[in-house]
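One structure is given below, encoded as structure tokens.
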Amino acid sequence: MHIAEGFLPPVHAAAWSVASAPFVIHGVRALTREVKANPESTLLLGASGAFTFVLSALKIPSVTGSCSHPTGTGLGAILFRPPIMAVLGTITLLFQALLLAHGGLTTLGANVFSMAIVGPWAGFAAYSLLRRSGAPLMVSVFFGAFVADLSTYCVTSVQLALAFPDPGSGIAGALAKFGGIFAVTQIPLAVSEGLLTVLVMRLLVQSSKGELTRLGVLLQGGNKKKEAAVR
């Protein structure tokens, strides 16, 4: 998904950077408020960022100028909400561009928009919808991570199709081509990421129950029996 350095036309790269900036600025404010109000959350914030960094660094060759890999953004979006995940994802993408030559500075805005903004929001929406409908916690976590992963690649396909329309069938044809290539590797990766995120969440339920309750992932007080039942 990381679009390579210099691969997008300059106008497209600039446009995606402009589109991403408000979300990242809003996320910085949300992150600052979270750390000031709850300094004890820094450890879990760091773990969420590290989870994203490690998973999204495991790349598999795919579309020319891009690649396939897990994103790891679903966990942070569920724990801290999408605005904060926008910041953690941006930091991850920046370090990967500088240290691993994974992605790039010119394409940072486009990569942030797909992986750190749309992915977390889509994943969190799926998670929240399932939780409100009474789905078990771990089922909701799985689909939150699954949707966050796949929606990232849907947006990357759109970005590439807009930049490189097919000579014959235009943007629609390019979108079908890019999306089809990504699907071969990404659907199995999304399933794997969902299962791994469930495993991590189970560990957090055992080790950080108080923090998860404060964050709203686990229910409080009289609802604990209900929480146990839906898990």
Side-chain angles (χ1 to χ4, degrees), residues 1 19-35 37-38 41 44-56 69-93 111-156 158 186-187 189-205 208 211-220 223 227 230-231:
M1 158 252 128
S20 297
F23 293 93
V24 177
I25 292 170
H26 173 60
V28 168
R29 293 174 178 171
L31 178 61
T32 301
R33 288 195 300 268
E34 172 65 25
V35 172
N38 303 285
S41 67
L44 199 52
L45 280 165
S48 299
F51 185 74
T52 299
F53 185 92
V54 171
L55 285 193
S56 59
H69 57 78
T71 64
T73 59
L75 179 65
I78 291 169
L79 293 175
F80 294 102
R81 307 299 184 262
I84 288 179
M85 195 59 235
V87 181
L88 298 180
T90 299
I91 294 171
T92 291
L93 289 164
N111 291 330
V112 165
F113 193 84
S114 61
M115 191 180 101
I117 296 171
V118 174
W121 274 108
F124 183 72
Y127 164 81
S128 298
L129 181 62
L130 287 168
R131 289 296 278 157
R132 289 173 184 171
S133 66
L137 173 61
M138 296 307 167
V139 170
S140 303
V141 168
F142 172 84
F143 281 103
F146 178 84
V147 170
D149 185 303
L150 279 190
S151 61
T152 295
Y153 283 85
C154 290
V155 173
T156 300
V158 171
Q186 207 53 42
I187 291 176
L189 284 175
V191 172
S192 300
E193 179 175 342
L195 294 173
L196 180 59
T197 305
V198 167
L199 176 61
V200 172
M201 185 62 77
R202 286 189 180 277
L203 294 174
L204 290 176
V205 167
S208 305
E211 187 71 3
L212 294 187
T213 301
R214 182 187 68 77
L215 292 169
V217 177
L218 298 179
L219 302 179
Q220 297 181 0
N223 291 324
E227 178 68 61
V230 298
R231 237 184 283 156

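FYI, side chains are in, hydrogens and waters are out, and symmetry mates aren't considered; it's all heavy atoms of this structure. Bear in mind the structure is a predicted one, so any value in this text is a computation, not a measurement.
- Of all heavy-atom pairs spanning Thr213 and Leu219, the tightest one is CG2-O, 4.2 Å.
- When all heavy atoms are compared, the tightest approach of Ile78 to Val217 is O-CG2, 3.9 Å.
- For the pair Leu55/His69, no side-chain contact is recorded, criterion being any heavy-atom separation below 4.5 Å from C-beta on.
- Shortest non-hydrogen contact noted between Thr197 and Ala145 is OG1-CB, 3.5 Å.
- Annotation: the span from Ile84 atom CD1 to Thr32 atom OG1 amounts to 9.0 Å, rounded to 0.5 Å.
- To the nearest 0.5 Å, the span separating OG on Ser140 from CZ on Arg132 amounts to 11.5 Å.
- The OG1 atom of Thr90 sits 8.5 Å away from the CE atom of Met85 when rounded to the nearest 0.5 Å.
- Side-chain contact check for Tyr153 versus Thr71: some heavy-atom pair is nearer than 4.5 Å.
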Which pairs of donor and acceptor atoms, one on a side chain in residues 112-121, lie under 3.5 Å apart (sequence neighbours left out)?
unit_1 : atom_1 : unit_2 : atom_2 : d
Ser114 : OG     : Ala110 : O      : 3.4
Ser114 : OG     : Asn111 : O      : 3.2

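- Interatomic distance, Asp149 CG to Glu193 CD, rounded to the nearest 0.5 Å: 4.5 Å.
- Summarising the geometry of Ala190 relative to Leu150, their closest heavy-atom pair is CB-CG, 3.9 Å, with the distance given to 0.1 Å.
- Within a 6.0 Å radius of CZ in Phe51, more than 12 heavy atoms belonging to other residues, nucleotides or ligands are found.
- In this structure, the separation between CG on Leu218 and CG on Leu212 is 5.0 Å, given to the nearest 0.5 Å.
- Smallest separation of non-hydrogen atoms from Val147 and Ala126: CG2-CB, 3.8 Å.
- Going from atom CE of Met138 over to atom CG of Leu195 covers 12.5 Å, rounded to the nearest 0.5 Å.
- Between Phe142 and Phe146, the ring-plane angle classifies as parallel under the 30° and 60° cut-offs.
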